[in-house]
Every structure is written in C-alpha cells, then in structure tokens.
J.: 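Sharing a structure below in structure tokens format, with a few things to ask.
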There are 2 protein chains.
Amino acid sequence: MSKQPKYRQVADALRREIVNGAFDSDRRLPSESELSARFDASRNTVRSGLALLVSEGLITSSQGLGYEVRSHEVFELNASRFENLQFPQNGDSYNTDVTNAGRRPHQTFRVEMLPAPAEVAERLKVEQGSKVVLRFCHRYVDDVPWSTQATYYPAWLIEGSPRLADPGDIEEGTTRYLAGRGIEQIGYFDEIATRMPTPEEARLLEVGAGVPVLLWTRTGYAPDRPIRCTITTFRGDLNRMNYEIGDLAGRSENT
Amino acid sequence: MSKQPKYRQVADALRREIVNGAFDSDRRLPSESELSARFDASRNTVRSGLALLVSEGLITSSQGLGYEVRSHEVFELNASRFENLQFPQNGDSYNTDVTNAGRRPHQTFRVEMLPAPAEVAERLKVEQGSKVVLRFCHRYVDDVPWSTQATYYPAWLIEGSPRLADPGDIEEGTTRYLAGRGIEQIGYFDEIATRMPTPEEARLLEVGAGVPVLLWTRTGYAPDRPIRCTITTFRGDLNRMNYEIGDLAGRSENT
DNA sequence: TAGTGGTCTAGACCACCTC
DNA sequence: AGGTGGTCTAGACCACTAC
C-alpha cells in the first residue's frame, strides 16, 4: 500500500463519509477553511480533493454557498415503447411520460434547414452536406433542463411531406403525419453512447463538472430506406433508458 | 459577453486547436511551461485550464511525458443480437465479436456466492441479502481493460442447475446449460445508465479522469420469473451499444 | 541529467450569498 | 460585514521518462 497524496486522502475520507450518509440530514459539507484545519492541509490542497469529488459527480459547489452532496433522482425512459410501431402516438411519449410521473414538462422548439452533418448524412444515406430538415427540441422537467432532441429528415422526404419543414408543431405527430402520406416507419436502429458534455451541451443542459451525457441516436426506417435520424442528449445524472425484449410476462407477476 | 477567467481562455484556445486538428500529426501538446509563457499565465493557471480539458475527456496527461490528445476508437456492441433468444450462443458473443473485429480478447473469471445487493435482489425478486451466485468477468481487448460483467443467479436456480455455482467455465454457455435443464430464457429487460466511475471501477477499467462508464443491466426472464441479472460496466470512451427494433431491411440495401 | 508533469504551500484579491 | 467559494501567483520539492 503506497502512500497516497494528501489531496486524495482528503477526497477518500470525505467520499467515505458521503456514501455512509454522514451528510444526509443537512447536505452541506464543511467549508474549505474548516476542512483545511481538520486535515492540516492548505486550502488549495483541500480544494484539489473537493475537485476530485466534483469530477466524480458526488458533490457540487456554488460560490458563496459551499459544497453540497448531489441528489440522485432519475427519470426512466422506455426506449422500446417510446414510439409504438403499430400505434404511433402524438409526437413521442415525452409529454405523457413526464406528466404521468407527476412532473411538469416544458419544451422549446425550432425548425431549420441545413447541410447534413457527417454522422447524420451517413445514417440517412444521403450525401454529406446535402440539405436536411432539423426539428430541434430543448426539454425541461419542472424547469430543470433535461434533454435536447434533434431530429433530421432528408430533403427528398420534404417534397411529399412539406409540413416537416414548417416551423410549427405537427399536431398529430410527425410519425403519424408521415404514415398518412405513405411513409411508414417499420423499424429502428438505436445507438447509445456516453461522454463528457461539450461546453455547448453543458450550457444547454446546465450540467456542471462530473456529469456525463447519455447520447441516444435513433435512425428510423421505411421498408426501403432511412427516413429520419433523431439524436437525443440526456443529462446522465437524471436519466436512464430501458428496453424490453421478448416476453416479459414474468416481470409483472408478484411485486 | 462577460470576461472569462484566464484558465478558461487557455482551455478554450487549446480546445479549439484540438478540434481543428492542430495536433493531429504529433498528438503531443506543448509543455506546461511553454503554455505558461504563451498565455502569460502562471504554471498553475495553465494547469487549471489543462485540467478542464482532461475532465472533458479531450486529453490525457502522464507524468514525465506530457499531455496528449485522446484517441477515439470505439467498439460497437449489438445488444439486441447479443444473445439470440432462439439460438443461444456459446456464453455470449463477446469473444466472437471481438475476434471478428480483428482484435484479441482476453478475460479473467471468478465465481462466488454472496448476499444479494439491493439492486440485484430487487431485479431477481428475491429477499435482499439472500444468497445469490455471482459469475464475474473482467474483460480485455488487446490487453486494454474493456468492461466488467457481473451476472447474478438466484439461489433457487442452483438446486436444479448446480454447475452455475462451480468455479469453472460452462462450456456450452450458461444460457444453453439452463435451457437444457428446463429453464428457458424468453425475455430481457435492459437498463442503460451512465455516470462517472467509482474509484474501484476506475482501477479495474484503468480509466483516468474525464471518462464516464456506461452501465448496462440486463435482467433475463423465464416464463414465470426472473432468472438472472447481468450488470456490465463499459469504458464509455471505448464502447457504444445498439439495438435493432422492427424491420431493418432498408438498412442493408445500398451502402 | 534535463525536462516533463504531480503535489503542496502561503497569501492575495475577487465575486457571490446571507444576515 | 463576514463568510463562502473562485481565481491567480510564485516558488518549492518530488516522481517519472527520456537520452
């Protein structure tokens, strides 16, 4: 067992106290100067230790207030039910799910036309840089930024379904609108990844250090080709996804 | 536009250069003292800026060597094909998938019996603290730690399928072994989450700061009840998961 | 041995919050 | 006003890697 640097000893001691629930009543941590005295370390050394815990997502800090242990409430999204292939819902189930959970949903929305980014062009099987329609949602739950969702449609789709490019909402939902115009979505390809947020994402989702984002890319297919690509960026600390595969009768019984 | 602190200016400038590919040929960054001179900032201030980029997962540092921009190669795991419900493969497809990708798989393995942790007990529908069998894999690809996989089986399952508790490998795969003993897995419930690694996970997966882990929890169901719970922890920088849902004929055509 | 990053200190000043 | 964290400095010494 080699000797740990002092700032790690500080972090380890505080981490142990946090997971043991030492700060459960009042989530505030002692101030930097108190910790500095307690650990017989300079304020900067204590700060290094606290910075570690922040980057682990265990605590947050705010100027003038102090350090607090982070709370954990998560929202679960059922990706395999999110859009039902047989009965496409109104838009997607975001509003319903959030309301059912007793929370208050809110979103801002915009539509634009732009050259396809590389990842999108690849998934939609169009030339990189060819025009695509972007429908972008910034979603909140109880006024906390929750996720961003960017859906891209290829230009060829707009000719027969012009309302996709309209800046307004599509009441019946885009999936149903497309189905009504003969474009039926019969399959999805979902990709899930994680990484630390870019500064832009950190701004939109208001996440501090130590919170990764969950990236969900869903490419929707008509019988012959892809018709949309939706990239959703979740706050990793507030969201979890799930999939149901096969027969889950055994899941609902007892309990 | 308010004035940014100096260490953020440093981070922003370097981030811009990194994403623009300024260091693509030689991935090494200038040394701290060079940057200190260039930005007319103290070494500590430059270090704060670099620490930001490390925590964003953009660069790594190593003592005596310097800072390097991180490389991005990712491995894709098809979760909806990972175990085929009709034709369970030998164990899971980890070995096959990795070998097919031209990489060299390697794993260590152990089996133990322990009281069920809360998350596992809940998913297996057994009493918290009741005995479960844990089969644990630590997986490498080309000698790089890749993921850990912990599969828990409830004690009642062992009576009819005692080899689950044996410390050795099960040649034909646990799924097939169980199927042969009348325990057929007919559905899954998958949960996916992300967070920063615990110190223990950081050690096992050898991830530095700025790399989140991807958590994949699969609960497998027999017709009447859950029979296993598998918790896989991936390095977020090296892995991506995907699901195929519905009909994806349009995916394979042209390109 | 020389150069790199890693740790630690002591102190200064600023920005924000609460009373 | 007084306490909190945020920024920044200058300098010391250590640990690791290269040559």
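Computed from a predicted structure; not experimentally measured. Throughout, a chain's letter reflects where its sequence line sits, starting with A, and its residues are numbered from 1.
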J.: Here's a test of your reading of the structure: between A:Arg8 and A:Gln63, which maps to the more 5' nucleotide of DNA chain C?
T.: A:Arg8
J.: Write down the distance between CZ (B:Phe39) and P (D:dT7), rounded to a whole number of angstrom.
T.: 17 Å
J.: May I ask you to decide whether B:Glu56 forms a salt bridge with B:Arg70, counting only side-chain N to carboxylate O separations under 4.0 Å?
T.: no
J.: How about A:Tyr7 and A:Asn44: does a side-chain donor come under 3.5 Å of a side-chain acceptor?
T.: no
J.: Look at the side chain of A:Arg43 against the base of D:dG6 and say whether a donor-acceptor pair falls under 3.5 Å; ignore hydrogens and angles.
T.: yes
J.: With nearest nucleotide decided by heavy atoms, which residue, A:Leu65 or B:Val46, maps closer to the 5′ end of DNA chain D?
T.: A:Leu65
J.: D:dT4, OP1 or OP2 - any side-chain N/O from A:Ser62 closer than 4.0 Å?
T.: no
J.: What's the CG-P distance between B:Leu50 and C:dT4, to the nearest Å?
T.: 13 Å
J.: Would you say a side-chain N or O of A:Ser33 is under 4.0 Å from OP1 or OP2 of D:dT4?
T.: yes
J.: Rounded to the nearest angstrom, tell me the gap between atom CD in B:Glu32 and atom P in D:dC16.
T.: 16 Å
J.: Between A:Asn44 and B:Arg47, which is nearer to the 5' end of DNA chain C once each is assigned its nearest nucleotide?
T.: B:Arg47
J.: Can you tell me how far C1' of D:dT4 sits from CD of A:Glu68, to the nearest Å?
T.: 13 Å
J.: Output yes when at least one side-chain N/O atom of B:Thr45 is less than 4.0 Å from OP1 or OP2 of D:dT7, else no.
T.: no
J.: B:Gln4 has an atom CD; how far is it from atom P of D:dC8, in whole Å?
T.: 10 Å
J.: Can you classify the ring geometry of A:Trp146 versus A:Phe75 as parallel (below 30°), tilted (30 to 60°) or perpendicular (above 60°)?
T.: perpendicular
J.: Report the distance from atom CD1 of B:Ile59 to atom P of C:dG5, rounded to the nearest whole Å.
T.: 10 Å
J.: What is the distance, to the nearest angstrom, from the CD atom on A:Glu34 to the C1' atom on D:dT4?
T.: 11 Å
J.: Please determine if B:Arg240 and A:Glu119 form a salt bridge, counting it only when a charged side-chain N lies under 4.0 Å from a carboxylate O.
T.: no
J.: Would B:Arg228 pass as a cation-pi partner of B:Tyr153, given that its NZ or CZ must be under 6.0 Å from the six-membered ring centre and within 45 degrees of the axis?
T.: no
J.: Check whether any side-chain nitrogen or oxygen of B:Tyr7 sits under 4.0 Å from OP1 or OP2 of D:dT9, and answer yes or no.
T.: no
J.: Check the distance between C:dG3's C1' and B:Tyr67's OH and give it to me in whole angstrom.
T.: 14 Å
